[in-house]
Undergrad: 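I have a structure I would like to understand better, so I am pasting it below and will then ask my questions one at a time.
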Amino acid sequence: MQAAIVRFGWRKNAAALSGQTIDMLAEALTQTSKAIMSKNTLTSIVPFRDEFKDQVVDLILHIQNVEAKVGISASDQPDILAIESCYLDEGGGFWVALNEDGQVVGTIGLQLAAPEVGVLKKFFVDAAFRGMQNGPAIQLYSALIGHARASSVRTIVLDTPAVATRSHAFYKKAGFTQVDKIALPIHYDYPDRNSLLFRLDLD
C-alpha cells in the first residue's frame, strides 16, 4: 500500500512538473540556438584585397542571377573584375564582410564619380546573413558612409533592380529617396535597365 502511494505521488509530481520542465527545456534550446547562430554568423568588415576577388565575383553573380534572376554577366559589369582601378585608385572604397572562417559573405563599393558625388555599388549579402541586427549589411553600409563623409562626399546615388524589394526597403530606411534619372547629379551607366534609382544627400 505504501509503495502504491509512493508510486502515485511520483506520478502526480511528475505530471505537475511536466509543464515547467517543457518550458525550461524549450528556453534552454532557444538560448542554445541563439548562441550557435551568433557564433556561426560573426562577421568582420575589411577593405578589399585581391585575394578576395574570386569569392566577390561568385557571390555577386549568384545573388544577381540565381536568386534575383536578373541575368547579368561579369562582362556586363567589368568593375567587379577590376575593383582596384574602378574603386580604390579613384579615391573610393570597396569592403567585404568575412565570416569567422574568412569566407566572403558580403560586399559594398563606393565610386567617386564627381566632386562630392559617390555611387554606391555592389551591395550584396549572403542569404544566411541577411536581416540580422547589426549584421554585415549594417556594418558594410556604415563603413561606406564613414568613408564617404571622410572623402567630402555630399550626395550618394545608386541603382538597384526593380525586383529587389528588400533592398528598396533598406535604402528608404537609411534615408534614400527614389528619384527619376533626371534628378541624378551625374550620368553613369548601369547594366540592368529595369532598375530603380535612389539618392541620398548627406548632412
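Keep in mind that the numbers below use all heavy atoms, side chains included, and drop hydrogens, waters and symmetry copies. Because the structure is a prediction, the values reported are computed rather than measured. Each residue takes its place number in the sequence, starting with 1.
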Undergrad: Strictly distance-based, threshold 3.5 Å: is any side-chain N or O of Gln139 a donor or acceptor partner for the main-chain N or O of Ile45?
TA: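 Such a contact is absent between Gln139 side chain and Ile45 backbone.
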Undergrad: Are Leu197 and Val157 close enough that some pair of their side-chain heavy atoms sits under 4.5 Å apart?
TA: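 When only atoms from C-beta onward are counted, Val157 and Leu197 do not touch, as no gap falls below 4.5 Å.
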Undergrad: Using modelled atom types and a 3.5 Å cut-off, is there a donor and acceptor pairing between side-chain atoms of Gln111 and backbone atoms of Cys86?
TA: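 Present.
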Undergrad: Looking at Tyr171, Phe170, Phe124, Trp95, which one forms a ring-ring contact (aromatic ring centres under 6.0 Å, His included) with Tyr141?
TA: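 Result for ring-ring contact (aromatic ring centres under 6.0 Å, His included) with Tyr141: Phe170.
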Undergrad: Which heavy atom of Gly118 sits nearest to which heavy atom of Val153, and what is that distance?
TA: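 Nearest heavy atoms, Gly118 then Val153: N-CG1, 3.7 Å.
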Undergrad: Is there a side-chain contact between Glu116 and Thr155 (heavy atoms, below 4.5 Å)?
TA: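 The answer is no, as the side chains (C-beta and beyond) never meet within the 4.5 Å cut-off.
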Undergrad: For residues 132-143, pull every pair meeting salt bridge (Lys or Arg N to Asp or Glu O under 4.0 Å), keeping only residues two or more places apart or in separate chains.
TA: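 Listed once each, the pairs would be none.
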Undergrad: Please list, chain by chain and in numerical order, all residues satisfying salt bridge (Lys or Arg N to Asp or Glu O under 4.0 Å) with Arg130, sequence neighbours excluded.
TA: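 Testing Arg130 for salt bridge (Lys or Arg N to Asp or Glu O under 4.0 Å), a comparison that skips the adjacent residues, returns Glu67.
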Undergrad: Looking at side-chain heavy atoms only, is the closest gap between Val119 and Tyr190 below 4.5 Å?
TA: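 Result no, sub-4.5 Å side-chain heavy-atom pair not found.
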Undergrad: Mind listing the closest non-hydrogen atom pair of Ile186 and Ala114 along with its distance?
TA: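 So the two residues come closest at CG2-CB, 3.8 Å.
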Undergrad: Measure the CG-CZ distance between Leu140 and Phe94 for me, rounded to the nearest 0.5 Å.
TA: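 It comes to 9.0 Å.
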Undergrad: Is the backbone of Gly91 close enough, under 3.5 Å, to the side chain of His147 for a donor and an acceptor to pair up by distance?
TA: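 The answer is yes, because a donor-acceptor pair under 3.5 Å joins these two groups.
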Undergrad: Tell me the closest heavy-atom pair linking Leu144 and Gly109, and the distance in Å.
TA: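 Smallest interatomic distance, heavy atoms only, reads CD1-O, 3.3 Å.
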Undergrad: Please report the C-alpha distance between Ile60 and Gln64 in whole Å, then the side-chain angles of each, then the deciding distance to 0.1 Å, and finally whether the side-chain contact (heavy atoms from CB on, under 4.5 Å) criterion is met.
TA: CA-CA 6 Å; Ile60 291 173; Gln64 289 175 328; 3.5 Å; yes
Undergrad: Kindly indicate whether the side chain of Thr160, heavy atoms from C-beta on, has any atom under 4.5 Å from the side chain of Phe123.
TA: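 Not touching, per the 4.5 Å side-chain cut-off.
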Undergrad: State the CG-CG distance between Asp89 and Leu112, to the nearest 0.5 angstrom.
TA: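 So the CG of Asp89 and the CG of Leu112 are separated by 11.5 Å.
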Undergrad: Check Asp126 against Ile63 and note the closest heavy-atom contact, atom names and distance.
TA: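 For Asp126 and Ile63, the tightest heavy-atom pair comes out as N-CD1, 4.3 Å.
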Undergrad: Closer than 3.5 angstrom, by distance alone: can the side chain of Asp101 be matched with the main-chain N or O of Gln103 as a donor-acceptor pair?
TA: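 It does not hold such a pair.
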Undergrad: Is it the case that the side chain of Asn65 and the backbone of Gly71 share a donor-acceptor pair, with hydrogens and angles ignored and the cut-off at 3.5 Å?
TA: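 Present.
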Undergrad: Any side-chain heavy atom of Val96 within less than 4.5 Å of one from Val46?
TA: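 Yes, at least one pair of side-chain atoms sits under 4.5 Å.
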Undergrad: Mind checking whether Ile138 and Met132 sit in one hydrophobic cluster, side chains of I, L, V, M, F, W, Y counted as touching below 4.5 Å?
TA: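 Linked within one cluster.
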Undergrad: What distance do Asp159 atom CG and Asn194 atom CG have between them, rounded to the nearest 0.5 Å?
TA: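 Here the interatomic distance stands at 11.5 Å.
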Undergrad: Taking the side chain as every heavy atom from C-beta outward, state whether Phe52 and Ile83 have any pair of such atoms under 4.5 Å apart.
TA: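 In short, these two side chains do not touch, never coming nearer than 4.5 Å.
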Undergrad: Between Gln77 and Lys122, is the side-chain hydrogen bond (donor to acceptor under 3.5 Å, both in side chains) condition met? List the steps.
TA: CA-CA 10 Å; Gln77 43 191 343; Lys122 310 309 174 196; 2.6 Å; yes
Undergrad: Taking C-beta and beyond as the side chain, do Leu200 and Leu120 meet within less than 4.5 Å on heavy atoms?
TA: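 No, side chains not in contact.
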Undergrad: Just to verify, what does Asp201 make a salt bridge (Lys or Arg N to Asp or Glu O under 4.0 Å) with, not counting sequence neighbours?
TA: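 Asp201 satisfies salt bridge (Lys or Arg N to Asp or Glu O under 4.0 Å) with Arg199 once adjacent residues are dropped.
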Undergrad: Would you say Leu98 and Glu100 make side-chain contact, with heavy atoms under 4.5 Å?
TA: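 No. Closest side-chain heavy atoms not under 4.5 Å.
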Undergrad: Quick check: is Val56 connected to Leu110 through a chain of hydrophobic side chains (ILVMFWY, heavy atoms under 4.5 Å apart)?
TA: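 Cluster IDs for Leu110 and Val56 differ.
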Undergrad: Quick one: do Val57 and Leu59 end up in the same hydrophobic cluster if we chain Ile, Leu, Val, Met, Phe, Trp and Tyr together by side-chain heavy atoms under 4.5 Å apart?
TA: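 Yes: a chain of side-chain contacts under 4.5 Å links Val57 to Leu59.
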Undergrad: Look at the side-chain heavy atoms of Ile, Leu, Val, Met, Phe, Trp and Tyr, link any pair under 4.5 Å apart, and say whether Ile145 and Phe198 land in one connected group.
TA: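 Looking at the clustering, Phe198 is in the same group as Ile145.
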Undergrad: Tell me the closest heavy-atom pair linking Leu61 and Ser73, and the distance in Å.
TA: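 Taking Leu61 first and Ser73 second, the nearest heavy atoms are CD2-C, 4.1 Å.
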Undergrad: Are Ile156 and Leu196 connected in a single hydrophobic cluster, I mean Ile/Leu/Val/Met/Phe/Trp/Tyr linked by side-chain heavy atoms less than 4.5 Å apart?
TA: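 Same cluster.
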Undergrad: Please indicate whether Glu90 has more than 12 foreign heavy atoms, meaning atoms of other residues, nucleotides or ligands, lying under 6.0 Å from its CD.
TA: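 No, because the 6.0 Å sphere around CD of Glu90 holds 12 heavy atoms or fewer from other groups.
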